[in-house]
2 protein chains.
Amino acid sequence: MPTPRRAPLKRVTLEEVARAAGVSRATASRVVNGVTTVDEAIRSAVQRAIADTGYVPNPAARSLVTRRAEAVALVLPERARLPGDPFLGRLLRGTSRVTGDHGVHLVLMTMDANTRDQVAADLHRGRLDGVILVHPGERDPLPRRLVESRFPVVLSARPAEPLAVTHVEADQRAGAALAADHLRSLRRRRIVTITGPLHTAVGHDRLAGFRDTLADPDLAWVEGDFSRESGAVGMTHLVEAHPDLDAVFAASDLMAQGALSVLRARGRAVPADVAVVGFDDSGVALACDPPLTTVREPVEEMAAELARLLLHHIDHPDSPPARTLFTPTLVHRHSA
Amino acid sequence: MPTPRRAPLKRVTLEEVARAAGVSRATASRVVNGVTTVDEAIRSAVQRAIADTGYVPNPAARSLVTRRAEAVALVLPERARLPGDPFLGRLLRGTSRVTGDHGVHLVLMTMDANTRDQVAADLHRGRLDGVILVHPGERDPLPRRLVESRFPVVLSARPAEPLAVTHVEADQRAGAALAADHLRSLRRRRIVTITGPLHTAVGHDRLAGFRDTLADPDLAWVEGDFSRESGAVGMTHLVEAHPDLDAVFAASDLMAQGALSVLRARGRAVPADVAVVGFDDSGVALACDPPLTTVREPVEEMAAELARLLLHHIDHPDSPPARTLFTPTLVHRHSA
DNA sequence: CTGAAAGCGCTTACAG
DNA sequence: CTGAAAGCGCTTACAG
C-alpha cells in the first residue's frame with residue numbers, strides 16, 4: 001500500500017486562534033506567552049482554541065519583534081581537530097542538556113584563523129543570542145572584540161590576556177596535586193613526571209601543582225607536548241637517566257600511554273615496578289593496558305555551567321562577568 | 001585603561017541603505033539578493049551604500065517572508081551515549097563543512113524514546129528546514145512520520161523498515177570482505193571471527209560478507225555485542241575451542257581490543273601467532289598494542305554527503321529519494 | 001483586563 | 001528595470 005501523500009498543512013496563525021476563541025490577537029498572544037493578567041475564562045477559551053487548531057507560533061515573526069533568536073553557538077577550535085578531540089562528546093552532552101531544557105538551539109561552528117572573520121560576521125547577523133567559545137587560541141582577538149561589542153560570550157578556560165569575561169576553569173594545580181598525593185600514598189620513592197608544553201597555562205600549572213605537592217626539590221621531569229609520541233620519548237629519557245624510578249605522572253593520558261609502551265618494552269611491570277598516573281580520563285585511559293589511573297576534569301559539568309552562564313548573561317547583559325572554578329577528581333584504575 | 005563601553009550600535013535597515021543610495025527598498029533588496037535584472041549603475045550605488053552603512057540583513061525578517069530558516073538539525077541518538085561515540089568528531093566535521101559552505105546553521109540535538117516528541121515538535125516549529133537523523137532506533141517511528149509529513153529528512157543508514165527516504169549507507173559486506181581477503185593473503189589457515197549482534201543489519205552483514213568471501217563452510221565464529229568485554233569473552237571461547245587458530249576478524253575495534261588482551265594473556269604473539277583485524281578505525285585502533293589493522297568506513301565523507309543530500313532535498317522537495325553507497329577501506333597497521 | 005493599532009524588517013507580485 | 005504597496009505573523013506600548 002503506497003504511502004498516502006498528504007498535502008503540506010497550511011500553518012495556522014495567531015489570527016485564527018483569536019477568531020476561534022472570540023478574542024483579539026493581542027489577547028491570544030498574551031496567553032500564548034503566559035502573561036498572567038488574563039481573565040481565567042478567556043485564557044482557557046484561548047487554550048482550547050490553540051489545542052483545536054494545533055497552533056504553533058511562528059518563530060521568525062516572534063524573533064522579528066523580540067530580537068531574540070533563541071539560539072546560541074558552540075564554537076569549537078579547529079574543524080581539522082574534531083575527530084581526535086576526546087572531550088567532544090562530554091562537551092556536547094553538557095551544553096546540549098541545558099540549552100535543550102531552555103528551548104534554545106545549540107548551533108555548532110568551528111573556527112580557526114582562516115574562518116574567524118566569517119564566524120564573527122555570522123555572530124553579528126542576529127541569528128544567535130550568544131556564543132560559547134571553546135579554547136580559543138591564545139592570541140585570538142575574538143574574545144576581546146566580542147566583549148567590547150557587548151556580544152554575550154563565555155569562554156571554556158581562563159582568557160589568555162586579562163579580560164573581563166565570563167568563563168569556567170578547571171583547577172589544574174589541584175588536579176596535579178591529586179596525582180602527587182596518590183603516588184606518595186603508594187610509598188613511591190623515585191617519582192618523575194612528563195609535563196605538557198610549559199608555555200601553555202595548562203602545562204605549566206600541572207607541573208607546578210605536582211611539584212609543589214611533592215615538595216621534592218630534585219623532581220626529575222621532561223617536557224612533552226601532550227602527544228603519545230612525546231610521552232614515549234620522555235619516558236625513554238627518564239628511565240635512562242633515572243633507572244631507579246618507580247612512579248611517573250604524565251600530564252595527559254596520551255603521554256601516559258606512550259610511557260606505558262616504553263615501560264613494557266623494557267620489562268618494567270606496571271604498576272608493580274612503576275606506577276603510572278595520567279591526566280584527562282579520555283577514551284585512551286580505558287584502552288590502556290593496564291587501564292589508567294588518571295585525573296579527570298568534570299568536562300560535562302563545566303560545559304553545562306558554561307551554557308547556564310551564557311543564558312544568564314543573555315538575560316542580564318549588565319551583570320558582572322562570572323567565573324566558576326571546578327576541581328578535578330582522581331579516577332582509580334590499575335596503573336597506579 | 002578601562003575598556004571603552006560602546007553603546008550597542010543601532011542596526012541599520014534596508015530602508016536606510018535605500019535612502020542612502022537614492023532608490024526604493026525593493027531595489028535595494030534586489031541587489032542584496034543578487035537579482036540580476038538591476039541596472040549596473042544602480043547596483044553599484046546600492047553596494048556602496050551597503051558598505052558605507054555596514055548593512056546586515058535581518059534574518060528573522062527575511063525568514064518571515066521566505067519561510068526558510070537556513071538551519072538544519074543534526075539529530076544524534078542518545079545524549080547519554082555521546083561521550084563514547086567514536087564517530088562523533090568525523091560526523092560533525094563532515095556535516096559542518098558542507099552546511100558551513102552554504103551558510104546554513106547546523107543545530108545539534110539528541111533524541112531517545114523519551115525526548116522524541118519534543119524533537120518532533122521542535123522540527124515542526126519552523127526554525128529548521130530539514131533534519132539529518134543519525135542512526136535512529138530500529139523501531140523509531142519518526143523517520144516515517146517525517147517522510148509522510150513531507151518534512152525534509154535524510155538518514156545515516158538504511159531504514160529499518162522499507163521506506164522511501166534519502167539516505168547514505170556503507171557497504172558492510174564489502175568491508176568484511178576486505179578483512180577476509182587480507183587474512184587470506186596472509187596465508188592464515190585457521191581463521192575465526194567475533195561477530196556483532198546478529199539481529200542488527202550491521203552485525204549480520206559483516207558476518208555474511210566475511211563468510212562469503214572466505215568460502216569456508218567450517219568458519220568458527222562467536223557472537224559479540226561490539227563491546228570490549230564481549231570481544232574478550234568471545235576470544236576466550238574461540239582459543240579454547242580452536243587452539244590452532246591463527247587469525248581473527250572482530251566486527252568492531254573494541255572487540256578486537258578485548259581479543260588482543262586475551263591473546264596477550266595467553267602468550268600468543270600478535271601478529272606472529274595470531275593476526276587480528278578490527279572494524280571501525282575508531283580511536284582505540286591506534287591505542288591498541290600493536291596498533292590495529294582495521295576496516296574503515298568513510299564516515300566524514302558520508303556525513304558530508306548526508307548534508308549535501310539534505311540541502312538538495314530542501315531545494316527540490318519533489319525529487320525522488322536518493323541513496324549513496326560508500327565502500328569501506330582497509331587500514332593496514334601492525335596487528336595483521 | 002482587553003483591543004485597535006503600530007511596528008518589527010524584510011520580499012515579492014503587480015503595475016508601469 | 002523600478003517603485004508603491006501589500007503582506008509575512010507576531011508583540012507591545014497605549015488607551016480605555
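All values below come from the heavy atoms of this structure, side chains included, with hydrogens, waters and symmetry mates left out. Just so we're on the same page: letters track the sequence lines, and every chain starts at 1.
By the ring-ring contact (aromatic ring centres under 6.0 Å, His included) test, B/H135 is found to be paired with no residue, residues two or more places apart in sequence or in another chain being considered. In terms of the salt bridge (Lys or Arg N to Asp or Glu O under 4.0 Å) criterion, residue partners of B/R308 (sequence neighbours excluded) are, by chain and number, B/E305. For A/D112, the side chain to side chain contact (heavy atoms under 4.5 Å, CB included) criterion is met by A/E78, A/N114, A/T115, not counting sequence neighbours. Every residue meeting the salt bridge (Lys or Arg N to Asp or Glu O under 4.0 Å) condition with B/R25, not counting sequence neighbours, appears here in chain and number order: B/E15. Under the rule for a salt bridge (Lys or Arg N to Asp or Glu O under 4.0 Å), the partners of B/R158 that lie at least two apart in sequence or sit in another chain are B/E169, B/D205. Residues meeting the ring-ring contact (aromatic ring centres under 6.0 Å, His included) test with B/H124, sequence neighbours left out: B/F151. Take A/H102 and apply the ring-ring contact (aromatic ring centres under 6.0 Å, His included) test, not counting sequence neighbours, and it matches no residue. Scanning for salt bridge (Lys or Arg N to Asp or Glu O under 4.0 Å) contacts around A/R125 gives an empty result, with sequence neighbours left out.
For the side chain to side chain contact (heavy atoms under 4.5 Å, CB included) criterion with A/L306, the lone passing option out of A/L155, A/V154, A/L133 is A/V154.
The stretch residues 39-53 of chain A touches DNA chain C through A/D39, A/I42, each having a heavy atom under 4.0 angstrom from the strand.
In this structure, of C/dC10, C/dT2, C/dG3, it is C/dG3 that holds the atom nearest to the side chain of A/S24. In the set D/dC10, C/dC10, D/dG9, D/dG9 carries the atom at the smallest distance from any side-chain atom of B/R67.
The distance between atom CZ of B/R127 and atom C1' of D/dG9, rounded to the nearest whole Å, is 16 Å. Here the C1' atom of nucleotide C/dT11 and the CG atom of B/N58 are 13 Å apart, to the nearest Å. The CZ-P distance, from A/R11 to D/dG7, rounds to 20 Å in whole Å. Straight-line distance from the CZ atom of A/R68 to the C1' atom of D/dG9: 20 Å, rounded to whole Å. Atom CD in A/E15 sits about 14 Å away from atom C1' in D/dT11, given to the nearest Å. Between the P atom of D/dC10 and the CG atom of A/L64 lies a distance of 12 Å, rounded to the nearest Å. Remark: P of C/dG9 and CZ of B/R25 are 11 Å apart, rounded to the nearest angstrom. As rounded to whole Å, 17 Å separates atom P of D/dC1 from atom CG of B/N33.
No side-chain donor from either of A/S96 and A/T99 sits under 3.5 Å from a side-chain acceptor of the other.
Here A/S29 does not reach the OP1 or OP2 of D/dC10: none of its side-chain N or O atoms lies under 4.0 Å away. Between C/dT11 and B/T66, no contact under 4.0 Å exists linking OP1 or OP2 to a side-chain N or O.
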### Query
So what is the 5' to 3' dot-bracket string for DNA chain C, if pairs are Watson-Crick or G-U wobble with both distances under 3.5 Å, crossing pairs use [ ] and | means the partner sits on another strand?
|||.||||||||.|||
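The 5' end of DNA chain D is approached more closely, in terms of each residue's nearest nucleotide, by B/G22 than by the other of B/G22 and B/V65.
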Which atom pairs link the protein and nucleotides 13-16 of chain C when you take only N or O atoms and keep those under 3.5 Å?
from   : atom 1 : to    : atom 2 : distance (Å)
C/dA13 : N6     : B/R30 : NH2    : 3.3

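For the C1' atoms, the distance linking C/dG16 with C/dT12 amounts to 16 Å, nearest Å.
Taking a cutoff of 4.0 Å between a charged side-chain nitrogen and a carboxylate oxygen, A/D129 and A/R67 do not qualify as a salt bridge.
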Per-pair distances, 0.1 Å, donor-acceptor, side chain in residues 82-94 of chain B, under 3.5 Å, sequence neighbours excluded:
from  : atom 1 : to     : atom 2 : distance (Å)
B/D85 : OD1    : B/F87  : N      : 2.7
B/D85 : OD1    : B/L88  : N      : 3.4
B/R90 : NH1    : B/D281 : O      : 3.4
B/R90 : NH2    : B/E297 : O      : 2.7
B/R93 : NE     : B/E300 : OE1    : 3.2
B/R93 : NE     : B/E300 : OE2    : 3.0
B/R93 : NH1    : A/A80  : O      : 2.9

